[in-house]
There are 2 protein chains.
Amino acid sequence: MLLPEGVVIDGRTGSVTPSTDRYEKRLSDLRGFFRDDAALDRAIEAGGDPIAYEVFDFRHADSDLAFGTTIMMPGKVGVEFYLTRGHFHLRKECGEAYYTQSGEGLLLLESRAGETRTVEMKPGVCAFIPPDWGHRSINTGKDKLVFVWFCATDAGHDYGAIKDRGMRKLVVERDGKPALVDNPNFA
Amino acid sequence: MLLPEGVVIDGRTGSVTPSTDRYEKRLSDLRGFFRDDAALDRAIEAGGDPIAYEVFDFRHADSDLAFGTTIMMPGKVGVEFYLTRGHFHLRKECGEAYYTQSGEGLLLLESRAGETRTVEMKPGVCAFIPPDWGHRSINTGKDKLVFVWFCATDAGHDYGAIKDRGMRKLVVERDGKPALVDNPNFA
């Protein structure tokens, strides 16, 4: 039987104690997700293939609800801010909540019909991701971006759609500020 | 179609903006949940039937995931700390997460088999409530206890089981500290 638990979340570091899983993505794991492959090569070379983001899970198959944290490092590949791969849920009826704890960023969302929306990520904002909206997080700040996510345990991740076609918009630095621009590589 | 939204949560006051619903429970609404009816009458009389807790919802029928806040006032009825009614979920497969933002309290849980567990509620602790555990929150501090809850939209609330029988344990003040004691009224 699953037992209740007090899971300690550090809103600065994003650590989850206890956690059931952890993974990290380095820049080299994100090839194909940034616009500029040559800039990616340079960023990997210059930074020793740095970690772009980490994910901690608190997930039990016997519970319908899972949660965890995502910790995104600050940085850019060319003019494009560090991003997560982005995904739809395999179960189309599943939404998600991203509750930002520290840092600042942009949640970029795309509906199946191709509509783009953004939600500002900053402490105190709990972003509501409706079912069947693809979503990607982007760290537009100078510090770590840490958020807690909550979703159905069996929501599943479909990374393929966004990997194959990209998203319609990119978030780049322009005049020192984040700007949403068309993705020239969108298939 | 449901649209993404940045829902602003104030961890001090518990306000949720925008919210889809709000309700409050005054002490008179909690008759039958405290051990001592005479003490309840006195507390209602003395405080002008004060609010014991408020709940804000962000809930859409077209999303599987709902969230919101609970704001518990500090106080006691006799020696017993202010509490929520407590509930099981109607859908037994549904768990919940309670992420404390400010204040301090105790989450009191009871399995169907009658096992009691507690989880300390304090900022940074996300309490994991497994499916089919009854749960009640108790404000054991001097300030408001504010937490954000996340659960399936259709989990449903079964308040009856706990209202009819009570929970096996109570949380009372003893020597200035919260103590877990047997409930003499447990049916």
Side-chain angles (χ1 to χ4, degrees), chain A residues 1-12 16-18 58 60 62-69 89 91 93-101 107-113 115-133 135 148-153 155, chain B residues 1-12 16-18 58 60 62-69 89 91 93-101 107-113 115-133 135 148-153 155:
Chain A
M1 184 172 63
L2 273 179
L3 295 177
E5 210 150 356
V7 180
V8 179
I9 295 175
D10 186 318
R12 286 280 160 194
V16 173
T17 311
F58 185 87
H60 290 283
D62 291 343
S63 173
D64 67 320
L65 182 70
F67 58 90
T69 57
H89 292 149
R91 288 185 57 220
E93 65 273 31
C94 292
E96 191 157 5
Y98 279 6
Y99 188 23
T100 298
Q101 305 295 297
L107 179 60
L108 177 62
L109 302 108
E110 205 171 289
S111 71
R112 293 281 181 183
E115 187 181 354
T116 294
R117 294 265 167 161
T118 59
V119 175
E120 193 184 2
M121 301 180 80
K122 60 182 183 181
V125 174
C126 187
F128 170 64
I129 301 164
D132 216 25
W133 280 77
H135 45 285
V148 189
W149 48 264
F150 298 84
C151 72
T153 302
Chain B
M1 183 172 64
L2 273 179
L3 295 177
E5 209 150 358
V7 179
V8 178
I9 295 176
D10 185 318
R12 286 280 160 194
V16 174
T17 310
F58 185 87
H60 290 283
D62 291 344
S63 173
D64 67 320
L65 181 70
F67 59 90
T69 57
H89 292 149
R91 287 185 58 220
E93 66 272 33
C94 292
E96 192 158 3
Y98 279 7
Y99 188 24
T100 298
Q101 305 295 296
L107 180 59
L108 177 63
L109 303 108
E110 203 171 289
S111 72
R112 294 280 181 183
E115 187 181 353
T116 295
R117 294 268 167 159
T118 59
V119 175
E120 193 183 5
M121 300 179 80
K122 61 182 183 182
V125 174
C126 188
F128 169 64
I129 301 165
D132 217 26
W133 280 76
H135 46 286
V148 189
W149 47 264
F150 298 83
C151 71
T153 302

Note: B:Pro131 and A:Ser63 closest approach over all heavy atoms is CG-CA, 3.8 Å

In this structure, OG1 of B:Thr100 is separated from CD1 of A:Ile9 (nearest 0.5 Å) by 10.5 Å

What one should report as the nearest heavy-atom pair of B:Val125 and A:Gly6 is CG1-CA, 3.8 Å

Cut-off 4.5 Å, heavy atoms of chain A, and the answer for B:Ile129 is neither

Honestly, the part of B:Glu96 sitting under 4.5 Å from a heavy atom of chain A is backbone

Okay, A:Asp10 and chain B: the region with an atom under 4.5 Å from a heavy atom over there is neither

So, the part of B:Tyr98 with a heavy atom under 4.5 Å from chain A: the answer is neither

Whatever's closer than 4.5 Å to a heavy atom in chain B on A:Glu120 counts as neither

Whatever's closer than 4.5 Å to a heavy atom in chain B on A:Glu115 counts as side chain

If one checks every heavy atom of A:Val16 against chain B at 4.5 Å, the contacting part turns out to be neither

Within a 6.0 Å radius of atom CZ on A:Arg12, are there more than 12 heavy atoms belonging to other residues, nucleotides or ligands? no

Note: vs chain A, highest number of non-hydrogen pairs under 4.5 angstrom among B:His60, B:Gln101, B:Met121, B:His135 is B:Gln101

Heavy atoms of B:Leu65 and A:Phe128 approach each other most closely as O-CE1, 4.3 Å

If one checks every heavy atom of B:Val119 against chain A at 4.5 Å, the contacting part turns out to be side chain

Minimal heavy-atom distance between B:Trp133 and A:Leu3, with the atoms involved, is CZ2-CD2, 3.7 Å

Quick check: do B:Phe150 and A:Phe67 have side-chain heavy atoms less than 4.5 Å from each other? no

Okay, A:Met1 and chain B: the region with an atom under 4.5 Å from a heavy atom over there is side chain

Closest non-hydrogen contact found for B:Asp64 with A:Gly95 is OD1-N, 2.7 Å

